[in-house]
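Notes follow once the structure below has been shown.
From a predicted model like this one, the values you see are computed outputs, not experimental measurements.
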Amino acid sequence: MTKLNHTDCRNYIPIDVAKGMCHAHGDKIILADGDTCPQFEALPKCKFCKNFTDVDDKGIGCCEGFKVKDWTYADLKAVTCEHFVK
């Protein structure tokens, strides 16, 4: 698995492509690609789902959680996906 960063955390709120706020640290401004902290809480994304398979080197894989197997990308947020499985 690739290295986790702030964009993988539920506490991260993006401002733009390079930075965001961290709710765990009082809405402090942080860099998007910075290292995670002890309060890291994984945001549901396809890359964290058991139904995400056959991933290539660019992060494109297949979702096997639905009747029709289809491609998706690793960083797609799956907060509302009814087939997300940790």
Side-chain angles (χ1 to χ4, degrees):
M1 180 181 273
T2 58
K3 182 181 170 202
L4 300 176
N5 60 41
H6 292 300
T7 62
D8 295 317
C9 183
R10 273 194 183 270
N11 295 311
Y12 179 77
I13 306 299
I15 294 173
D16 60 29
V17 71
K19 64 185 175 297
M21 296 185 303
C22 177
H23 280 319
H25 291 101
D27 294 336
K28 174 182 169 186
I29 302 295
I30 55 174
L31 295 176
D33 61 354
D35 293 335
T36 61
C37 72
Q39 285 126 339
F40 176 82
E41 183 182 341
L43 178 66
K45 289 185 173 184
C46 290
K47 67 181 171 183
F48 300 133
C49 182
K50 288 185 181 179
N51 290 319
F52 186 59
T53 63
D54 302 326
V55 187
D56 68 13
D57 60 334
K58 293 182 171 126
I60 304 296
C62 290
C63 176
E64 296 184 1
F66 294 87
K67 287 181 183 178
V68 177
K69 182 178 172 180
D70 207 350
W71 70 269
T72 187
Y73 60 100
D75 279 326
L76 180 68
K77 292 178 182 168
V79 176
T80 59
C81 180
E82 64 269 17
H83 298 283
F84 180 82
V85 180
K86 280 186 179 182

* Would you sort out whether Ile29 and Met21 count as a side chain to side chain contact (heavy atoms under 4.5 Å, CB included), showing the intermediate values? => CA-CA 5 Å; Ile29 302 295; Met21 296 185 303; 3.7 Å; yes

* How is the hydrophobic cluster of Val79 composed, in terms of its other members, when Ile, Leu, Val, Met, Phe, Trp and Tyr link through side-chain heavy atoms under 4.5 Å apart, directly or indirectly? -> Leu43

* Mind checking who shares a hydrophobic cluster with Tyr12, ILVMFWY linked at side-chain heavy-atom distances under 4.5 Å? ->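 When side chains under 4.5 Å apart are linked, the cluster holding Tyr12 also contains Ile30.
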
* To do: Could you list all the salt bridge (Lys or Arg N to Asp or Glu O under 4.0 Å) pairs where at least one residue sits in residues 73-85, not counting sequence neighbours?
  => Lys45-Asp75, Lys47-Asp75

* Sequence neighbours excluded, every pair satisfying salt bridge (Lys or Arg N to Asp or Glu O under 4.0 Å) that has a member inside residues 31-40 -> Lys3-Asp35

Partners passing side-chain contact (heavy atoms from CB on, under 4.5 Å) against [X] (at least two apart in sequence or in another chain):
X     : value
Cys46 : Phe52, Thr72, Leu76
Thr36 : Leu4, Phe40
His25 : Cys22, Lys28, Cys37, Gln39
Asp16 : Ala18, Lys19

* Asked: So, for Ala78 and Phe84, which heavy atoms are closest and what is the spacing to 0.1 Å?
  -> CB-CD1, 3.8 Å

* Asked: Mind checking whether Asp8 and Phe48 have side chains closer than 4.5 Å, heavy atoms only?
  -> yes

* Can you find a heavy atom in the side chain of Asp70 that is under 4.5 Å from one in the side chain of Cys63? -> no

* Partner residues of Phe66 under the ring-ring contact (aromatic ring centres under 6.0 Å, His included) criterion, sequence neighbours left out ->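 Phe66 satisfies ring-ring contact (aromatic ring centres under 6.0 Å, His included) with His83 only.
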
* Structure fact -> Here the gap from Asp56 atom CG to Tyr73 atom OH, rounded to the nearest 0.5 Å, amounts to 14.5 Å

